[in-house]
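What follows is a single structure, written as structure tokens, with notes after it.
A, B, ... follow the sequence lines: proteins, then strands. Residue 1 opens every chain. Predicted model only: the values in this text are computed from it and were never measured.
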Amino acid sequence: MDVTHILDSLNNEQRQAVTTDNNRVLVLAGAGSGKTRVLVHRVAWAIQMFGISPYSILAVTFTNKAAAEMRGRIENLLTIPSAGLWVGTFHGIAHRILRAHSELANLPKGFQILDSDDQLRIIKRILKDHQIDDGKWPAKQAQWFINNKKDEGLRPQNLDSQDDPNEAQWINIYDLYEKVCLQSGLVDFAELLLRAHEVLLNNSEILDHYRRRFRHVLVDEFQDTNSVQYAWLRLLTTDRNSLFIVGDDDQSIYGWRGAKVENIQSLQKDYTGIEILRLEQNYRSSGNILHAANKLIEKNPDRLGKKLWTESHDGDPVKLYTAYNERDEARFVVDSIQQWIEEGNCRKECAILYRSNAQSRVIEEALLMENIPYRIYGGMRFFDRAEIKDALAYLRLVSNQLDDAAFDRIVNTPPRGIGEKTLQSIRAMALKEGISFWDAMNIIIEFESIPARAVKALAGFKSVMDELIVFSESATIDELLISAMSQSGLLAHYQKEKGEKGRSRVENLQELVSAAKQFQQEDEADLAEDEEFADLDPLSVFLAYTALESGESQSDPGDDNVQLMTLHSAKGLEFPLVFIVGLEEGLFPSERSVAEPSRLAEERRLCYVGMTRAEKQLVLTTAEHRRLYGRETYPIPSRFLRDIPENVLVEVRPRAMVSRPVISSTSYQEDDESADYQVGQLVTHATFGDGILVSYEGSGNHARVQVNFDQVGMKWLVLAYANLQPA
DNA sequence: CGCGTCGTGGTTTTT
DNA sequence: CCACGACGCG
């Protein structure tokens, strides 16, 4: 078979990784070195060259987006069908395993997935039910505690409070939470992984089955794996399985949510003879940008060591702009983008990256002012919207009447006269008898143990649900959804809601119906292709899909928008022009990380990730004043700026205007003609009156100043004509 | 039950 | 500063 097309486009390092005979491989791949490419080609190589069945391959990533991309690229390379190939996220695969072996996992057949929102609600309810003081044990923190322990593979019974009553209470909450989930047939995200691991661990036939099936396991973004995920991989791969791992310790930015970079070291210990290959040639950034990023990351201790190089030219130096304040910073970024566009480039080639979401606001305002369209990444997921979750909760309760979380959500949504009092009776009975809310409701209706009006309201709800349950036997998912939305009055409820908000909610509900329809046609068929999953209940599978998939697949890449996102969400992306804003101590690195070396190192990696997103131009900004939480702050420039060598960094703000030099510098010197004016200075204009000079651009006769006038607000003036007088 | 007021807290995010 | 959640009133 001709396999040259698989190798043709690869460099030597990449080719070596793709074709190595070793069945344990760790590829340390720097940013922009083609790491996913290597993984994809390795799969194609194995299939086409050695005739390995796609059936025996498991490729794992972290996000649905990455998994979809990987699958697409593999299919493009292959000349044969990829049937049976498992490409997915850790969570998706764990979920499939649990569905296939729900009895062994001790889960009801129609178990459902709990998203973090539902999880928090359940915890809040537990705290209420058991009169635990929310002030001393906040629900958010309990959630964090539980998820952390699960990520570490720890159950309540594995935990020891060491006689610390505080700790004992956390463990107690965790324990109560587990019982509620189990009783309701609910599984949270961390539980998916942990329970799948336990199923494999405790059932040797199942474990053997998957070990034999997945002879070839490949993992992308390995530096993001947590303890359970690693244990899971360990369990699945014996010395008869091949393991191909791609990762970059310098891009580990998720330590705060349980990711363990140390897993890369463990790998070398646990898999003897593992071959380590490095991909160091970068195909993304021009020389100066890469050099700056290399120098920055060099400052981190305990790196596995990698030095990226490129064949491309030096390109532009990295630019640094010291803004007067956050609005000046935003204005500078927007001006630069306008200039970029005037030079004939696209808006979508520009990305503005920030450390925290709150920073986007000022930038948005500046973009709006200039009518530049933009898109913010990482907002709310489609399936997380309240109206969508309401509609889905009806389906969840239809599918599984034990689901107390779903019951709780919709019993009075839309409002139907079931108040707090009635709910209290239901909860109290459920808690006392150890039964579900649904069953408790039925008993209360039967014995009419509450006021007649409340009984009537409950009975109304029950009859809607009963009808839906009957209808679900014969209906498709989209039919059931339409029926649920109209019978319950949910659609009418949102249709009544006035304004833009109500309109978009109704639209979203309609969108949900089409998503269900589409799912029924496509995804379900995909799953049935695998005989192990052919007999799954379609409704449960659809509901799981809505929990695991963000629903953002239909983004419109065609639109030419400036891209705004956090540094975290920029990972894996690339843009010709990148701005990283807010490079100030306390903001980036964030205040909460500076005291701890390991967290500081992670911040530095985050900065490295941001910088290596840039292809042609990288612009960094820092502000001398920043309004933060309503207070004016005077931050000092980020330490990361000092790590960038001067010979690749250019300050684009005239020196005369910098009230405090950021970087001692041989960089770029404007003539000092206009040094009469300082930012912050009071000035007077013949028609506008008094104001404060807040910002400055250019030099000499072309210089423009921005003045905030007491009477007329912010104005841009050309210094040469403005005839300003110091006030 | 819906709306208004007061109070508080406020990295990063995927599944 | 501003967004969101907890309370209380009509």
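- Where S590(A) and P415(A) each meet DNA chain B at their nearest nucleotide, the meeting point lying more 5' is that of P415(A).
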- Query: If the sugar-phosphate is the primed atoms plus P, OP1 and OP2 and the base is the rest, what is the B/S/- string for nucleotides 1-10 of chain C, using protein heavy atoms under 4.0 Å?
  - Reply: BSS-------
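- Taking the P atoms as reference points, dG5(C) lies 16 Å from dT12(B), given to the whole Å.
- More than 12 heavy-atom neighbours from other residues, nucleotides or ligands sit within 6.0 angstrom of CG on N148(A).
- Atom P of nucleotide dG2(B) and atom CD of E420(A) are separated by 14 Å, given to the nearest angstrom.
- Geometric assessment of R96(A) against the ring of W86(A) yields a positive cation-pi assignment under the 6.0 Å and 45° thresholds.
- Counted within 6.0 Å of CD on E591(A), heavy atoms from surrounding residues, nucleotides or ligands total 12 or fewer; the atom is thus considered open.
- A cation-pi geometry, defined here as NZ or CZ lying under 6.0 Å from the six-membered ring centre and within 45° of its normal, does not hold between R604(A) and Y608(A).
- R592(A) places its CZ atom 10 Å from the C1' atom of dG9(B), with the value rounded to the nearest Å.
- Ring planes of H568(A) and Y254(A): tilted class, angle from 30 to 60°.
- Under the side chain to side chain contact (heavy atoms under 4.5 Å, CB included) test applied with H95(A), the options Y545(A), F189(A), F111(A) reduce to a single match, F111(A).
- Comparing I418(A) and S593(A) against DNA chain B, the residue whose closest nucleotide sits nearer the 5' end is I418(A).
- Side chain to side chain, D188(A) and Y177(A) meet the donor-acceptor criterion of an N or O pair below 3.5 Å.
- Salt-bridge check for D129(A) with R427(A): failed, with every basic side-chain N at 4.0 Å or more from each acidic carboxylate O.
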Atom pairs under 3.5 Å, N or O on each side, protein against nucleotides 13-15 of chain B: can you list them with distances?
| from | atom 1 | to | atom 2 | distance (Å) |
| --- | --- | --- | --- | --- |
| dT13(B) | OP1 | T566(A) | OG1 | 2.5 |
| dT13(B) | OP2 | N357(A) | ND2 | 3.2 |
| dT13(B) | O2 | R257(A) | NH1 | 3.1 |
| dT15(B) | OP1 | N64(A) | N | 2.7 |
| dT15(B) | OP1 | N64(A) | ND2 | 3.3 |
| dT15(B) | O2 | H91(A) | NE2 | 3.4 |
| dT15(B) | O4 | S116(A) | OG | 3.2 |

